[in-house]
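Side chains are part of it too, since the values below use all heavy atoms of this structure and drop only hydrogens, waters and symmetry mates. Bear in mind the structure is a predicted one, so any value in this text is a computation, not a measurement.
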Amino acid sequence: MNLTLKIWRQAGPKATGAMATYQVSDISPDMSFLEMLDVLNEQLNDKGEEPIAFDSDCREGICGMCGLMISGKAHGPEVTTTCQLHMRSFHDGDEITVEPWRADAFPVIKDLVVDRSAFDRIIQAGGFISVNTGAAPEAHSVPVPKPKADRAFAMSKCIGCGACVAACPNASAMLFVGAKVAHLGEFPQGQPERNPRVVKMVAQMDEEGFGGCTNIGECTLACPKEIQQDAINQLNIDLRHALRQMT
């Protein structure tokens with residue numbers, strides 16, 4: 001495959017960025033998208049040019065660090081992470097635009113790398129259970145109804161990649177926060193701090209500069225782990241309940 005790549009280049013957080021055009025050839029359809037970028041960077045290194053900075057770690061669809069906007073879609077044309085997107089999803093001669101996540105709360109560090117530490121601060125605000133239980137309890141000592149366990153597991157699949165924010169016209173983080181709140185809120189161990197947890201995490205989300213949710217639904221379409229919009233619905237219910245209880 002021969003491809004034309006238009007890639008965002010930005011030397012640093014305060015630098016002015018611009019799109020740069022590159023040609024790559026002999027790309028195997030079995031390559032992942034990141035492997036294709038590796039090939040491009042090898043070519044740039046051979047020419048003595050600055051390679052393109054992009055984030056990745058596991059390359060197994062687990063960590064979520066690899067997030068990119070590919071031709072206007074978070075993670076590209078398939079519902080998966082960028083590292084699990086293969087070049088067979090494209091065609092010979094395609095022109096592909098590659099950009100970093102676009103959100104004020106995700107400032108660009110360099111080229112395609114953004115700072116997603118806002119997500120970490122939201123988790124630090126309340127995404128934990130602080131009860132000291134000593135040694136790990138026996139698994140069956142606290143009964144959990146299977147529907148609740150299943151829902152908690154479904155919500156815990158969120159890897160914090162930020163695709164929901166990047167896809168949302170408002171750059172809202174409601175799907176991320178909803179998933180993190182829900183997977184703790186379904187368990188008995190998460191109940192003592194349920195009300196302050198949701199209030200603190202939503203307050204931190206607002207402080208970080210994420211936009212509000214207007215139920216457009218782009219976040220769920222972009223989510224590589226297929227977190228559904230009921231996470232947002234439950235978050236709104238929990239927030240209203242918590243505010244009533246705390247006033």
Side-chain angles (χ1 to χ4, degrees), residues 6-20 33-34 37 52-57 63-76 79 81-83 85 96-127 155 158-182 197-225 227 229 231-233 235-236 238-239 243:
K6 292 190 173 181
I7 300 178
W8 182 260
R9 303 303 307 264
Q10 184 171 335
K14 296 182 180 179
T16 299
M19 302 299 290
F33 197 87
L34 296 187
L37 291 180
I52 297 158
F54 63 91
D55 231 341
S56 69
D57 188 10
C63 73
M65 291 181 65
C66 59
L68 300 172
M69 291 297 289
I70 301 171
S71 296
K73 295 184 178 180
H75 289 303
V79 183
T81 53
T82 301
C83 64
L85 176 68
I96 305 172
T97 302
V98 189
E99 301 172 90
W101 288 161
R102 297 294 192 186
D104 288 343
F106 291 157
V108 174
I109 297 174
K110 184 177 181 180
D111 294 340
L112 304 176
V113 181
V114 300
D115 180 359
R116 280 174 285 191
S117 58
F119 272 7
D120 297 330
R121 291 187 289 273
I122 292 173
I123 294 296
Q124 291 167 2
M155 295 301 171
C158 171
I159 55 177
C161 66
C164 52
V165 175
C168 177
N170 306 324
S172 172
M174 287 285 280
L175 191 68
F176 166 77
V177 177
K180 296 303 179 183
V181 167
R197 176 185 300 116
V198 65
V199 171
K200 289 177 182 178
M201 292 180 73
V202 170
Q204 187 66 40
M205 175 185 69
D206 292 341
E207 184 177 331
E208 296 293 342
F210 292 102
C213 175
T214 50
N215 290 317
I216 295 173
E218 293 293 330
C219 55
T220 58
L221 295 177
C223 178
K225 300 305 176 181
I227 307 296
Q229 198 161 350
I232 297 175
N233 299 338
L235 177 62
N236 287 325
D238 287 354
L239 180 60
L243 291 173

For Thr81, give me all partners under side-chain hydrogen bond (donor to acceptor under 3.5 Å, both in side chains), at least two apart in sequence or on another chain. none

Take Leu37 and Leu68 through the test side-chain contact (heavy atoms from CB on, under 4.5 Å) and record every step on the way to the result. CA-CA 12 Å; Leu37 291 180; Leu68 300 172; 4.0 Å; yes

Please test Lys180 against Ile122 for side-chain contact (heavy atoms from CB on, under 4.5 Å), starting from the C-alpha separation and ending with a verdict. CA-CA 10 Å; Lys180 296 303 179 183; Ile122 292 173; over 6 Å; no

Validation row: Phe54, Leu34 side chains within 4.5 angstrom (heavy atoms): yes

Pick from Lys200, Arg121, Met174: which one makes a side chain to side chain contact (heavy atoms under 4.5 Å, CB included) with Met205? Met174

Side chains of residues 212-221: which donor-acceptor pairs under 3.5 Å do they make with residues two or more places apart or in other chains?
{"from": "Thr214", "atom 1": "OG1", "to": "Asn170", "atom 2": "ND2", "distance (Å)": "2.8"}
{"from": "Asn215", "atom 1": "OD1", "to": "Gln229", "atom 2": "NE2", "distance (Å)": "3.0"}
{"from": "Thr220", "atom 1": "OG1", "to": "Gly217", "atom 2": "O", "distance (Å)": "2.9"}

Nearest heavy-atom approach of Met69 to Ala166 is SD-CB, 3.8 Å

What residues, two or more places apart in sequence or in another chain, satisfy side chain to side chain contact (heavy atoms under 4.5 Å, CB included) together with Val199? Leu239, Ala242, Leu243, Met246

Which heavy atom of Val79 sits nearest to which heavy atom of Cys223, and what is that distance? CG1-O, 3.5 Å

Does Phe33 form a side-chain contact (heavy atoms from CB on, under 4.5 Å) with Ile96? I'd like the steps, not just the answer. CA-CA 11 Å; Phe33 197 87; Ile96 305 172; 4.1 Å; yes

Closest non-hydrogen contact found for Gly127 with Met201 is N-SD, 3.6 Å

Arg116 and Trp101, any side-chain heavy atoms less than 4.5 Å apart: yes

For Asp115, check side-chain hydrogen bond (donor to acceptor under 3.5 Å, both in side chains) against everything at least two apart and list the hits. Ser117

Compare every heavy atom of Pro224 with every heavy atom of Ile159, then report the nearest pair and how far apart it is. CD1-CG, 4.4 Å

By ring-ring contact (aromatic ring centres under 6.0 Å, His included), which residues pair with Phe210, not counting sequence neighbours? Phe106, Phe119

Least distance between heavy atoms, Ala179 atom then Ile227 atom: CB-CG2, 4.1 Å

When every non-hydrogen atom of Leu85 is compared with those of His75, the smallest separation belongs to CD2-O, 3.5 Å

Which residue pairs pass the salt bridge (charged side-chain N to carboxylate O under 4.0 Å, His left out) test with at least one member in residues 8-18, sequence neighbours excluded? Arg9-Asp111

First locate atom OG of Ser56, then atom CG of Leu112, and finally report the distance between them rounded to the nearest 0.5 Å. 11.0 Å

Hey, are the side chains of Thr97 and Met19 touching, using non-hydrogen atoms and a 4.5 Å cut-off? yes

